[in-house]
Amino acid sequence: MMMNAVEAQLAAERVMARCDALAAISESPDNLTRVYLSPEHLRANAQVGEWMAQAGMRVWQDAVGNICGRYEGINNGAPALLLGSHLDTVRNAGRYDGMLGVLTAIETVQWLHENQQRLPLAIEVIGFGDEEGTRFGITLLGSRGITGQWPESWVTYPDGNNITVAQAMADVGLDAGAIHRAARDVSDIAAYLELHIEQGPCLEQAELALGVVTAINGARRLNCRFTGEAGHAGTVPMTHRKDALAAAAEWIVFIEAATREQDPQLVATVGTLSCAPGAVNIIPGEVALSLDVRGPQDLPLERLLSSLLTQGEAIALRRGLSFAEEEYYRISATACNSALQQALGSAVETVQGRTLVLPSGAGHDAIAIAERWPVGMLFVRNARGISHNPAEAVMTGDVALAVRAYLHAVCQLAQRGAS
Ligand SMILES: [Zn+2]
């Protein structure tokens with residue numbers, strides 16, 4: 001089943017117009033800010049629910065405020081292929097991050113509905129209420145609602161005005177005591193697909209509209225410290241110094257070179273550095289710095305991290321300093337399912353001649369969903385890779401290709417039961 005080019009163009013134009021319409025649903029008239037459990041969240045849900053209904057779906061809002069639509073398969077009650085992304089935004093956001101995935105998903109169902117096609121699987125579309133974590137500082141509340149992974153403590157989290165999640169839920173007519181009702185049975189859902197803007201420059205550099213995601217990067221963050229000895233910048237000879245900043249500098253250069261050498265998909269960043277005592281005439285005695293490393297697979301990531309830390313120790317030892325590190329954040333890499341990658345890849349090849357596979361450097365709802373169901377992701381080119389910014393931009397022609405590829409993959413997967 002294929003959407004023709006004219007249908008795809010019309011669908012893409014409708015997606016772009018709907019992105020504009022949703023961008024107007026904001027807490028501020030000057031920019032797009034739409035946070036979880038706000039009046040704007042409910043308005044966006046109502047609007048998206050209306051579009052879902054027009055596409056032939058049964059529509060409901062679940063117990064954590066996700067907007068959901070279901071298009072039955074050949075047999076009522078069949079497991080669903082779930083398509084989705086999020087409808088919340090960061091502050092002063094772009095209009096495509098999240099929304100593009102929900103609106104293109106609706107177009108795939110709209111086409112099936114207009115062509116009176118039913119598939120062996122049901123198709124469900126979901127607009128998650130919170131992915132960004134803008135309001136409460138905790139993320140993926142929408143997708144963790146359907147996986148049933150809300151820790152009990154979450155309802156007590158306050159926003160910037162000291163309104164807790166539980167109170168905010170009550171304010172919009174939801175019940176914090178009923179959150180468990182949002183959880184879906186494992187057997188309800190065969191697989192999850194998410195279309196999203198790339199948020200990086202790889203597709204643009206490859207001059208391609210679409211690419212298939214291999215994995216969502218895992219990350220480790222550490223606080224590190226070189227401790228040497230502060231001393232008089234005029235009297236301590238060069239051979240007697242324990243200069244913490246010189247050691248840190250040597251290590252930072254090593255981090256850059258070693259990461260490049262080890263694997264082009266790994267990235268490492270020293271983003272902060274503070275030097276004490278911090279005076280022009282004192283040899284730096286102590287330097288604190290952060291280290292952030294990310295990659296699409298945990299094993300190479302661990303290997304890189306351990307080689308970087310070993311070298312930090314070695315540099316300190318050779319210079320007569322000490323080196324300390326403490327990891328304060330880690331998230332595992334999320335692999336995309338290989339059968340879903342294949343189906344998306346062949347759909348992308350069909351519409352654009354070739355495909356590109358790439359990891360996602362940013363987090364997505366698929367991270368939470370992958371704890372329960374197989375996930376696959378399709379990326380759409382985004383001008384200069386800029387996102388979380390009003391300058392976020394996609395081209396209508398790319399969206400037309402995206403809708404065609406998305407529908408193609410959905411039909412293929414639903415025909416074979418998404419296995
Ligand atoms: Zn997003």
Side-chain angles (χ1 to χ4, degrees), residues 15-16 18-20 22-23 25-26 31-36 38 40-41 44-45 48 64-67 82-106 125-147 192-204 210-219 294 296 331 333-334 336 344 358-370 375-394 398-399 402 406:
V15 166
M16 298 301 273
R18 287 175 173 181
C19 285
D20 293 346
L22 287 179
I25 304 178
S26 169
N31 64 57
L32 170 54
T33 301
R34 191 170 53 239
V35 303
Y36 186 45
S38 62
E40 299 77 40
H41 170 191
N45 274 3
V48 169
V64 296
N66 299 316
I67 187 76
L82 179 64
L83 317 179
S85 196
H86 59 96
L87 295 172
D88 68 318
T89 73
V90 295
R91 296 201 173 275
N92 196 16
R95 61 189 58 193
Y96 303 105
D97 176 355
M99 284 68 80
L100 188 69
V102 179
L103 298 175
T104 49
I106 292 173
V125 177
I126 189 160
F128 291 113
D130 176 277
E131 187 265 351
E132 303 284 8
T134 307
R135 180 166 180 185
F136 296 101
I138 35 178
T139 62
L140 303 172
L141 281 80
S143 42
R144 293 212 191 279
I146 73 160
T147 61
Y192 172 75
L193 295 180
E194 180 167 357
L195 179 151
H196 202 280
I197 57 166
E198 190 205 348
Q199 299 178 284
C202 299
L203 287 168
E204 195 171 69
L210 309 173
V212 177
V213 179
T214 52
I216 301 168
N217 280 353
R294 304 185 199 206
I331 185 162
T334 299
C336 290
L344 289 168
L358 69 171
S360 171
H364 297 289
D365 292 298
I367 293 176
I369 305 295
V375 302
M377 287 195 75
L378 185 60
F379 270 175
V380 179
R381 170 164 53 189
N382 167 34
R384 290 182 292 143
I386 293 174
S387 80
H388 285 189
N389 185 310
E392 217 168 75
V394 298
D398 287 1
V399 175
Y406 210 8

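We use all heavy atoms of the structure for the numbers below, so side chains are in, but hydrogens, waters and symmetry mates are not. Counting starts at 1 for both ligands and their atoms, following the listed order.
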Item to check | Heavy-atom closest pair, residues Leu32 and Ser26 | outcome: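 For Leu32 versus Ser26, the nearest heavy atoms are CA-OG, 3.5 Å.
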Next on the checklist: So which atom in Glu132 and which in Thr139 form the shortest heavy-atom distance, rounded to 0.1 Å?
Outcome noted: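 Heavy-atom minimum between the residues: O-CG2, 3.6 Å.
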Checklist entry - Asp97: which N/O/S atom is nearest the Zn ion (ligand 1)? => result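 Minimum-distance N/O/S atom of Asp97 relative to the Zn ion (ligand 1) is OD1.
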Checklist entry - Is the distance from the Zn ion (ligand 1) to some N, O or S atom of Glu132 under 2.8 Å? => result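 Looking at Glu132, which is the residue asked about, there is no N, O or S atom under 2.8 Å from the Zn ion (ligand 1).
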Item to check | the Zn ion (ligand 1) to nearest N/O/S of His196 less than 2.8 Å | outcome: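 So His196 counts as coordinating the Zn ion (ligand 1), yes.
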Item to check | Asp97/His196 under side chain to side chain donor-acceptor pair (under 3.5 Å): CA gap, chis, key distance, verdict | outcome: CA-CA 7 Å; Asp97 176 355; His196 202 280; 2.8 Å; yes
Next on the checklist: As a test of understanding, state which of His41, Glu131, Arg34, Arg135 forms a side chain to side chain contact (heavy atoms under 4.5 Å, CB included) with Asp88.
Outcome noted: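 Only one of His41, Glu131, Arg34, Arg135 forms a side chain to side chain contact (heavy atoms under 4.5 Å, CB included) with Asp88, namely Glu131.
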